[in-house]
Amino acid sequence: MSYLTPEQQNVVDAPMVPLCVIACAGSGKTKTAVHRLVRMRRNLGASRGRVALLSFSNVAVDTFRKAYADLANGLPSSAGQSRVDIDTLDGFITTHIVRSHSHRSMKTERAPFLVTGDEAFLENANFKFPTSSFPRSIKALKLSVENGKAVFFHEFNEQKETVDASIARNLIARLGRTGAYTHDLGRYWAYRTLKEQPKLLAALARRYPHLVIDEAQDIGSVHQAILELLIGAGSCVTLIGDPNQGIYEFAGADGKFLTNYHQREGVQLHSLEKNFRSLPGLVDVANGLCNRRDKPERLAPDTLHGAFFTSYKHDQYSQLITRFQEAMSAAGANIKRSAVLCRAKKLAGTLRGDEASVGQGLVKAFAAAAVLRDRRKDFLGAFHRVAIAVVALLDKAPPGLVHQITQPSSDPIGRELRKVIWAFTRDPATGLPSSSLVADTQWHTQLLARVRALLNGLETRFNLKQGANLGNKLANKKLPNVPLASTKDLENSDATNLRIDTVHKAKGESLDAVLYITTKQHALALLNGVRTEDGRIGYVAATRARDLLWVAVPHSALKELKPTLVAKGFKEIVG
Ligand SMILES: Nc1ncnc2c1ncn2[C@@H]1O[C@H](COP(=O)(O)OP(=O)(O)OP(=O)(O)O)[C@@H](O)[C@H]1O
């Protein structure tokens, strides 16, 4: 049983006013937020208002829910312990605004639905907007709110290009009339709905007099605009986060809402500066990277620990990972609670070997699904790819069909369809062929026959007609004359393998040992500190480590980077 520190307790005991809690990495934001939530419930007693605790990932939400369920047991029955909602910020917005009220603003008869972005109808010319180079699908349309006005843009080659507001609005309205919205546009519709329906806004603020937002550095400008409306209507909003871990600037979250929040009248500022996660050597390095003076709570053990650097050659990733695993053993790190982290999705994917980059078009999607299922045991990832590919093979698939198949719903047809696609995905004997078959002969022949059978079944049972040219769409191109996944790969696929992931995926986690593989640019950014997004991404990677951190830099950049690495407190691994 651990107790709250005085700084954590101050947050929990604060009056029922908006708080701005700036917290360092590993400072126990989760524990503090849940204790605060319980205290708020106790203070509110039997009053009718609800409290929402909102974060940004499903993992965080699960953790909060479990922790609240444990703690809230001690609440008196008069405290209304069930009048709490724990969700993602987008989940909250979708449930309480978009799905239930936005159909009026969207001018649709249907219940609004989220598209995954892979639906074929989104590629239709009606749903494209012009750019300086070529027309792009509405799924690439993004927006931010600046000075109370929506600004539309898209990104190409990491550059932002503004999209004419009236073109964007017309396009969004056209998609809206089908009932569809993308992730970005869901927030747009939520904002518009609250602006257009003041009674709804007032009712929502009355129902949620208190909102607590965790990871508040990730609040984007449209999220902020929605929260500002709720604040204006009377909701009391508390923000908890670490500005040094803001790694969604590309998605419009620059962390300023959190950093400046305490300057508003009536907002109380708190800070958490004790790091419970990392050993002292690692906290020192983290402090050097972000210019803070956070204090470690843990004591240094006798086993190997600390922050190290090494170099790697591009054709020797596996040797690097093997060396790291040896160090992990010396440090007593648990393989299931350790990871190799990369900045780029692509490198993480290549190192994991989870995408079959063979085949072309839809065959490529089926091949990737087979490898995901057989090698990574990632059935959900495989299922999504299969659903998208199957829908793309239909003639005029109804809008929202991929969503209907992949998202749980009470709609009986959606449920039945989901079962059929699941059965196809799961079973290598009758459905998606095994990745151990030779790709361009056995595997492709089976794929063609079974997809044909699947499509016939969909036509008979669900009246979904198959499109023309199946043979062309599933052509035997770019498939090798070897199995998609070798037997050795399949043998190595057990769950004891060291996890390889992106930094974004590991955000919020505590890991015994971390190997952060960097490019020269990413290593420089890490060492230059948290002013840039790449610097903050490096900081997030480094601060996940409890006991052991390795930063691996390209061999060609070692000489140049070494003095700064040493100056920042990293020790060199020789050999
Ligand atoms: N008062 C406490 N006593 C002992 N352990 C604590 C206390 N508060 C938090 N911890 C532990 O500290 C660790 C880090 O907590 P948590 O994961 O909530 O950090 P965080 O603030 O969210 O960090 P980050 O922002 O870096 O993800 C957890 O293992 C948690 O159990």
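Atoms within a ligand are numbered from 1 in the order they appear, just like the ligands themselves.
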- Item | Sidechain N-carboxylate O distance under 4.0 Å for K274, E7 | no

- Lys/Arg N to Asp/Glu carboxylate O, D13 vs R36, below 4.0 Å: no

- Note on the structure: Applying ring-ring contact (aromatic ring centres under 6.0 Å, His included) to Y208 and not counting sequence neighbours gives F92, H96

- Query: With side chains defined as the heavy atoms from C-beta onward, is the minimum distance between D254 and Y248 less than 4.5 Å?
  - Reply: no

So what's ligand 1 close to, N/O to N/O, under 3.5 Å?
| from | atom 1 | to | atom 2 | distance (Å) |
| --- | --- | --- | --- | --- |
| ligand 1 | 1 (N) | Y3 | O | 2.5 |
| ligand 1 | 1 (N) | Q8 | OE1 | 2.9 |
| ligand 1 | 8 (N) | Q8 | NE2 | 3.1 |
| ligand 1 | 17 (O) | R277 | NH2 | 3.4 |
| ligand 1 | 18 (O) | K29 | N | 3.4 |
| ligand 1 | 18 (O) | T30 | N | 3.2 |
| ligand 1 | 18 (O) | T30 | OG1 | 2.9 |
| ligand 1 | 19 (O) | G28 | N | 3.4 |
| ligand 1 | 21 (O) | S27 | N | 3.2 |
| ligand 1 | 21 (O) | G28 | N | 3.0 |
| ligand 1 | 21 (O) | K29 | N | 2.9 |
| ligand 1 | 21 (O) | K29 | NZ | 3.1 |
| ligand 1 | 23 (O) | G26 | N | 2.9 |
| ligand 1 | 23 (O) | R277 | NH2 | 3.1 |
| ligand 1 | 25 (O) | K29 | NZ | 2.7 |
| ligand 1 | 25 (O) | Q245 | NE2 | 3.0 |
| ligand 1 | 26 (O) | G26 | N | 3.0 |
| ligand 1 | 26 (O) | Q245 | NE2 | 3.4 |
| ligand 1 | 26 (O) | R277 | NH1 | 2.8 |
| ligand 1 | 26 (O) | R277 | NH2 | 3.4 |
| ligand 1 | 26 (O) | R544 | NH1 | 3.3 |
| ligand 1 | 26 (O) | R544 | NH2 | 2.9 |
| ligand 1 | 27 (O) | R277 | NH2 | 3.2 |
| ligand 1 | 27 (O) | R544 | NH1 | 3.0 |

- Can you tell me if H314 and Q316 form a side-chain donor-acceptor pair at under 3.5 Å? no

- Establish, yes or no, whether the cationic atom of K160 lies under 6.0 Å from the six-membered ring centre of F153 and within 45° of the ring axis. yes

